[in-house]
Student: 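One structure coming up, written as structure tokens, with questions to follow.
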Amino acid sequence: MMPSSRFNIFQSGFYKLTTAACFVSLLVATGCSSSAESNVKIPNQQNGNTSAPIVSDASQQTLRQQALRIQRALANDDFARITNDIHPTRGVRFSMYAYVRPETDKVFSREQFAQYLQQAKIRFTWGDLDGSGDTLVIPLPEYLDTWVAGEKYNNASISVNEFKHNGSMINNLKEIYPNSEFVEFYHKGSEQYSGMDWRILRLVFEEYQGKRYLVAIVNEQWTV
């Protein structure tokens, strides 16, 4: 065999070996890249589907049930039933409108709430009525019956920790209670008044020693 033929055979064999090695290297690199990508993405997807949202949903459902129980007690004028739901150390605040006024809103401890339910002739100044400017001065049971008016929310739409509806007045609830949770009841109003008699009831809760307690009852309605 001539030297040039041997050289050509050698060159051809070397080219095939080089091509095969490159092909194998490419497969290995591609496989490693896919494996690494899987290792990054799959745990993230699993973390997004862990039980945390389920726990959150269950917690919100428990909050909703507690709020519904309080609303039903208010609707049935069974006001004493909510006494144990009131925060043991902070009491419960009553705000006539969406803008909570810490300086002037009435706050009752559990004991005071129970006391003034019984002493139904003692009147309190709750605030000024929007529009007329008249001062609302009535006993606690009458305030609960006529202003909070729990029966209006028997068929209300309910949202948890979300402001679904707002009027023209500033809503500062989360500024006053930044660590709170709340349940909003919305009564859309009647056809008779073209919906202008809509009302909102917000029950505000804070945790104390592992349990939620009522810290505020905030009402809202149409204002000028």
Student: Minimum heavy-atom separation for Val148 and Leu144, please, with both atom names.
Tutor: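 Nearest pair, atom of Val148 first, then Leu144: CB-O, 3.4 Å.
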Student: Is it true that Tyr97 and Trp222 have ring centroids separated by less than 6.0 Å?
Tutor: no
Student: Between Phe108 and Phe124 (judged by ring centroids, cut-off 6.0 Å), do the two rings come close enough to count as a pair?
Tutor: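 Yes: the rings meet the under 6.0 Å criterion.
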Student: Is it true that Arg101 and Glu103 make a salt bridge, defined as a side-chain N closer than 4.0 Å to a carboxylate O?
Tutor: no
Student: Suppose we call two aromatic rings close when their centres sit under 6.0 Å apart. Are Phe182 and Tyr177 close by that rule?
Tutor: no
Student: Do other residues, nucleotides or ligands put more than 12 heavy atoms under 6.0 Å from Lys174 NZ?
Tutor: yes
Student: If the threshold is 4.0 Å, N to carboxylate O, is there a salt bridge linking Glu207 and Arg212?
Tutor: no
Student: Under a 4.0 Å N-O cut-off, is there an ion pair linking Arg199 with Glu220?
Tutor: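 Looking at Arg199 and Glu220, the cut-off is not met.
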Student: Applying ring pair (Phe, Tyr, Trp, His ring centres under 6.0 Å) to Phe94 and Tyr143, what does each step give before you reach the verdict?
Tutor: CA-CA 10 Å; Phe94 293 93; Tyr143 179 88; 5.8 Å; yes
Student: Do you know the tightest heavy-atom contact between Pro141 and Ala120?
Tutor: CG-CB, 4.0 Å
Student: Drop me the distance from Leu201's CG to Trp147's CH2, to the nearest 0.5 angstrom.
Tutor: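 With rounding to 0.5 Å, CG (Leu201) is 13.0 Å from CH2 (Trp147).
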Student: Does a side chain donor of either Asn179 or Glu206 reach within less than 3.5 Å of an acceptor in the other side chain?
Tutor: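 No, Glu206 and Asn179 have no side-chain donor paired with an acceptor closer than 3.5 Å.
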Student: Do Arg202 side-chain atoms and Val218 backbone N/O form a donor-acceptor pair below 3.5 Å?
Tutor: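 A pair under 3.5 Å: no.
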